[in-house]
Peer 1: 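Let me give you the structure first, and then I'll get to my questions.
For ligands, and for the atoms within them, numbers begin at 1 and follow the listed sequence.
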Amino acid sequence: MSVHLSETRVVRGACPQDCPDTCAFLYHVEDDKLVEVTGDPDHPMTRGGLCVKLKNFAEHHYNPDRLLYPMKRVGPKGSGMFERISWDAALAEIKTRWTDIIDQYGSQAIMPHGYLGHQGTLNGLTAGDAFFNRLGSSVAEKTYCESGSSTAWIMTVGPTGGLDVESLAHSKYIIVWGMNMLNTNLHAWPFIVEAKAKGAKVVVIDPVRTRTAKQADWHIRIKPGTDGALALGMMNVIIAEGLVDADYVEKYTVGYDQLAARAAEFPPERVSEITGIPVQDILTLAREYATTQPSAIRQGVAVERSPGGGDAIRAITCLPALTGAWRHVGGGTVEMPIWEFPFRFDFMCRPDWIKPGTRVINELDLGAALTGAMPLDPPIKSLFVYNSNPVSQAPNAGQIVAGLMREDLFTVASELFITDTAKYADILLPATMQAEQLDLMVTWGHLYVMLNTPAIAPPGECVPNVELFRRLAGAMGFTDEHWSLSDEEMIRRSYDWDAPAMEGITLEKLKDKGWMRLNVGLPGERAPHAEGNFKTPSGKCEFAASAAAGGNFVVPVWRSGYEGMQPGTPVDAVPNYIPSHENAASEAASRYPLNLVSPKPHAFLNTQYANEPTQQRRQGEQLIVIHPVDAGKRAIEHGSYVRVFNERGAFEARAELSEDVSPGLMMTNVGHWPGLNRSGTAVNSTTSARHCNLGQAGTYCDNLVEVRKV
Ligand SMILES: Nc1nc2c(c(=O)[nH]1)N[C@H]1C(S)=C(S)[C@@H](COP(=O)(O)OP(=O)(O)OC[C@H]3O[C@@H](n4cnc5c(=O)[nH]c(N)nc54)[C@H](O)[C@@H]3O)O[C@H]1N2
Ligand SMILES: Nc1nc2c(c(=O)[nH]1)N[C@H]1C(S)=C(S)[C@@H](COP(=O)(O)OP(=O)(O)OC[C@H]3O[C@@H](n4cnc5c(=O)[nH]c(N)nc54)[C@H](O)[C@@H]3O)O[C@H]1N2
Ligand SMILES: [Mo]
């Protein structure tokens with residue numbers, strides 16, 4: 001008997017998920033099988049540890065439910081009945097159907113729908129843009145996330161990375177604002193622990209007493225959607241009490257007088273009424289924030305998830321310039337540092353291929369676009385879904401399902417699994433997972449360039465998104481050079497390798513090391529705006545935004561690179577507080593008195609891993625956290641099943657009675673697969689598709705509901 005001793009190969013990779021941490025992976029491979037994925041101990045953020053979601057990442061690759069071959073629908077729409085076909089047959093069918101649609105309705109009757117299921121330069125947010133721009137489809141505005149914050153950020157400080165989260169170790173006062181860091185940005189937490197050990201105070205501003213709030217020195221419970229009022233109230237106190245860094249303001253900002261006039265409208269008493277925060281706490285927060293330097297604000301994405309979210313982020317982003325916090329290492333604020341990376345979005349998205357006048361359809365309006373609730377000429381006759389799962393993740397999901405049921409809609413989905421969205425497809429196309437593909441990752445929570453090298457062969461007939469779009473281009477007869485470039489050549493062109501930030505970084509070195517830090521200053525030294533140097537048109541922090549003059553805009557990255565036809569909603573020169581649409585004073589409040597927020601789950605990454613039994617055990621079933629007083633009024637006991645509903649739809653969940661939420665507020669997590677829930681629906685059946693005041697972002701937390709025991 002011969003004994004086969006297998007050798008373990010270690011290949012360097014990077015996490016594919018839409019998460020600020022973008023961890024450095026080590027793939028452990030035996031006999032061409034991925035046996036384990038661990039965190040790189042040398043990476044300064046990853047520090048050898050992966051989050052709960054990625055604990056079973058190797059097994060995820062071998063999940064028996066993976067989509068391995070192209071499939072064609074053989075049962076009624078949504079029945080989940082498919083049979084295997086060849087790639088050639090799938091591509092031929094797509095070509096025939098699209099050619100007919102283009103002949104009859106024009107190419108804009110085709111709508112792509114992609115988001116951030118994967119986060120690579122080749123396979124991520126922009127993976128399909130070049131293809132669809134070339135095809136002449138409608139431009140999809142992909143604003144599920146960060147587009148409101150980023151628009152606000154760029155209006156105020158320009159495309160700068162701002163504070164490095166690693167520099168938080170040097171901060172003395174840290175505000176984690178609208179972020180559940182222990183769930184969603186776990187690898188930033190050690191820097192906060194380090195700062196705390198040196199005496200820093202940590203404040204969490206969140207309507208919910210989260211795991212992160214419980215670890216903080218001070219949890220400030222704010223009513224959802226009122227952050228703009230709080231930031232303006234802090235300014236009011238800072239100005240009234242002479243805590244402004246007048247020298248910094250004078251040298252490095254514009255619009256102080258206008259901002260001061262706005263802040264004067266927000267005395268602490270008024271802010272207390274709006275936010276539900278006691279006056280004394282507003283005073284203390286403002287004073288401590290201004291006088292304890294370096295002070296840092298880690299902005300979460302949740303602040304944008306309300307109608308006034310864009311202006312709230314503008315107001316928050318003004319704070320460190322008012323107090324001069326930017327002067328210090330560990331001072332300032334961070335939204336996402338993606339702007340330091342020299343991506344060539346012109347190459348990745350090919351906006352030059354968009355025909356002038358092409359219409360833009362926002363992806364959050366998918367339900368309205370498919371059902372005709374939003375009049376479109378031509379109507380959408382084909383939908384191509386990749387990197388996204390709108391039936392779970394987009395608002396007003398019931399309307400989306402109604403649209404996907406349309407017999408005359410030709411739907412194609414590229415997926416890892418047959419999700420709640422993919423099950424409505426006419427054609428399914430199988431995609432690779434991260435250990436099976438090459439990519440240079442987009443990162444939005446640290447300053448390292450990350451390369452993912454394939455470690456194992458793709459199973460079945462799975463292809464990376466980049467190859468999927470090459471195949472589609474081939475089927476449609478496109479002969480541009482773009483479609484003949486290798487993955488590696490695409491990576492070379494997706495970056496400006498000559499940019500100053502890339503000094504010393506090459507693809508060759510990355511192949512060896514896996515990751516390298518951008519040349520933008522070390523965490524212990526970096527103070528990017530100590531002397532202004534903002535990336536705005538004026539070069540200053542724009543309290544009064546010059547971009548406001550042109551009205552609302554969406555950063556082109558979210559619009560497939562397109563800069564044309566920006567919506568013209570005028571924006572105030574200085575940030576204001578814009579109230580929620582669905583609030584206690586609104587018409588719906590008499591029928592739907594409870595405000596429901598739906599942040600991220602601990603054990604899932606949006607919907608990903610929510611079909612893995614190990615992760616389902618970690619996360620538990622769909623819960624709704626309700627205050628005992630609200631539960632008592634409705635005879636709801638702890639652990640009982642409830643129906644949460646409003647005019648848009650409903651879902652069922654198990655009630656958890658807890659004072660982690662205030663009366664009038666409920667919390668549930670987004671991410672559970674609707675089809676795996678007892679009601680066949682999830683939280684987005686209740687959310688509205690209204691947009692935030694900036695960047696067309698979603699307003700998932702502006703959601704009034706009622707709840708009843710089932
Ligand atoms: N475990 C895990 N991590 C993730 C993800 C995941 O699905 N799971 N998703 C990733 C993605 S795509 C993103 S965008 C990030 C998002 O991560 P975060 O920025 O943390 O955003 P959320 O989880 O949506 O919400 C964070 C907190 O904001 C609170 N909140 C809700 N509304 C408001 C408000 O109006 N004001 C304030 N101050 N707080 C509010 C919520 O109660 C919640 O505790 O996480 C990433 N990381
Ligand atoms: N109520 C509510 N809704 C929300 C939010 C909220 O806080 N509350 N958050 C919003 C936010 S911040 C975000 S970012 C969105 C996220 O929404 P999505 O980006 O749609 O979420 P994911 O579940 O991460 O990914 C979608 C799908 O991409 C697939 N996928 C992964 N990798 C690949 C690949 O390489 N190729 C292909 N073709 N497919 C792949 C996955 O299998 C998954 O089904 O949800 C938004 N929706
Ligand atoms: Mo997100």
Peer 1: So is Cys701 touching ligand 1 or not, going by heavy atoms under 4.0 Å?
Peer 2: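 Per 4.0 Å heavy-atom rule, Cys701 contacts ligand 1.
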Peer 1: Quick one: does ligand 2 sit under 4.0 Å from the side chain of Tyr144, the backbone, both or neither, non-hydrogen atoms only?
Peer 2: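 Under 4.0 Å from ligand 2, Tyr144 contributes backbone and side-chain atoms.
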Peer 1: Establish, yes or no, whether a centroid distance under 6.0 Å links the rings of His113 and Phe132.
Peer 2: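 They do not qualify: ring centres at least 6.0 Å apart.
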Peer 1: Check whether any heavy atom of Asn684 sits under 4.0 Å from an atom of ligand 2.
Peer 2: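 The answer is yes: ligand 2 sits under 4.0 Å from a heavy atom of Asn684.
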Peer 1: What do we get for Asn387 next to ligand 2 when only non-hydrogen atoms under 4.0 Å count, side chain, backbone, both or neither?
Peer 2: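 Within the 4.0 Å criterion, Asn387 contacts ligand 2 through backbone and side-chain atoms alike.
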Peer 1: Which bit of Trp177 gets closer than 4.0 Å to ligand 1, counting heavy atoms only: side chain, backbone, both or neither?
Peer 2: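 The answer is the side chain of Trp177.
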Peer 1: Aromatic rings Phe645 and Tyr592: how do their planes relate, parallel, tilted or perpendicular, breaks at 30° and 60°?
Peer 2: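 The rings of Phe645 and Tyr592 stand perpendicular, inter-plane angle above 60°.
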Peer 1: Report yes if Asn606 has an N/O atom closer than 3.5 Å to an N/O atom of ligand 1; otherwise report no.
Peer 2: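 The answer is yes, given that Asn606 and ligand 1 share an N or O pair closer than 3.5 Å.
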Peer 1: For Asn677 and Ala682, work out which heavy atoms get closest and say how close.
Peer 2: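 Minimum heavy-atom contact is ND2-CB, 3.8 Å.
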Peer 1: With heavy atoms only and a cut-off of under 4.0 Å, state how Ala431 meets ligand 2: side chain, backbone, both or neither.
Peer 2: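 The side chain, only.
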Peer 1: Just to check, does Glu146 reach to within less than 4.0 Å of ligand 2 when the distance is taken from its heavy atoms?
Peer 2: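 It does not, in that no heavy atom of Glu146 comes within the 4.0 Å cut-off of ligand 2.
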Peer 1: Does at least one non-hydrogen atom of Thr419 fall below 4.0 angstrom from an atom of ligand 2?
Peer 2: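 Distance cut 4.0 Å: Thr419 passes for ligand 2.
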Peer 1: Got the closest protein heavy atom to atom 36 (N) of ligand 2, with its distance?
Peer 2: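 Its nearest protein heavy-atom neighbour is Asn465 OD1, 2.9 Å.
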Peer 1: Ligand 1 and Asp206, any nitrogen or oxygen pair closer than 3.5 angstrom?
Peer 2: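 Yes - when backbone and side-chain N and O of Asp206 are compared with those of ligand 1, one distance drops under 3.5 Å.
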Peer 1: Of the protein's non-hydrogen atoms, which lies at the shortest distance from atom 22 (P) of ligand 1, and what is that distance?
Peer 2: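 The closest heavy atom on the protein side is Pro599 CB, 3.7 Å.
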Peer 1: Just distances here: any N/O of Tyr115 and N/O of ligand 2 closer than 3.5 Å?
Peer 2: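 No, Tyr115 has no N/O under 3.5 Å of an N/O on ligand 2.
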Peer 1: So is Thr432 in contact with ligand 2, going by heavy-atom distances below 4.0 Å?
Peer 2: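 Heavy atoms of Thr432 do come under 4.0 Å of ligand 2.
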Peer 1: Record the part of Thr184 in heavy-atom contact with ligand 1 below 4.0 Å; permitted values are side chain, backbone, both and neither.
Peer 2: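 For Thr184, the contact with ligand 1 is made by both the backbone and the side chain.
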Peer 1: Measuring from non-hydrogen atoms of Met433 to any atom of ligand 2, is the shortest distance under 4.0 Å?
Peer 2: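 Heavy atoms of Met433 never come under 4.0 Å of ligand 2.
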Peer 1: For atom 11 (C) of ligand 2, what is the nearest protein heavy atom, given as residue, atom name and distance?
Peer 2: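 The closest heavy atom on the protein side is Lys600 NZ, 3.1 Å.
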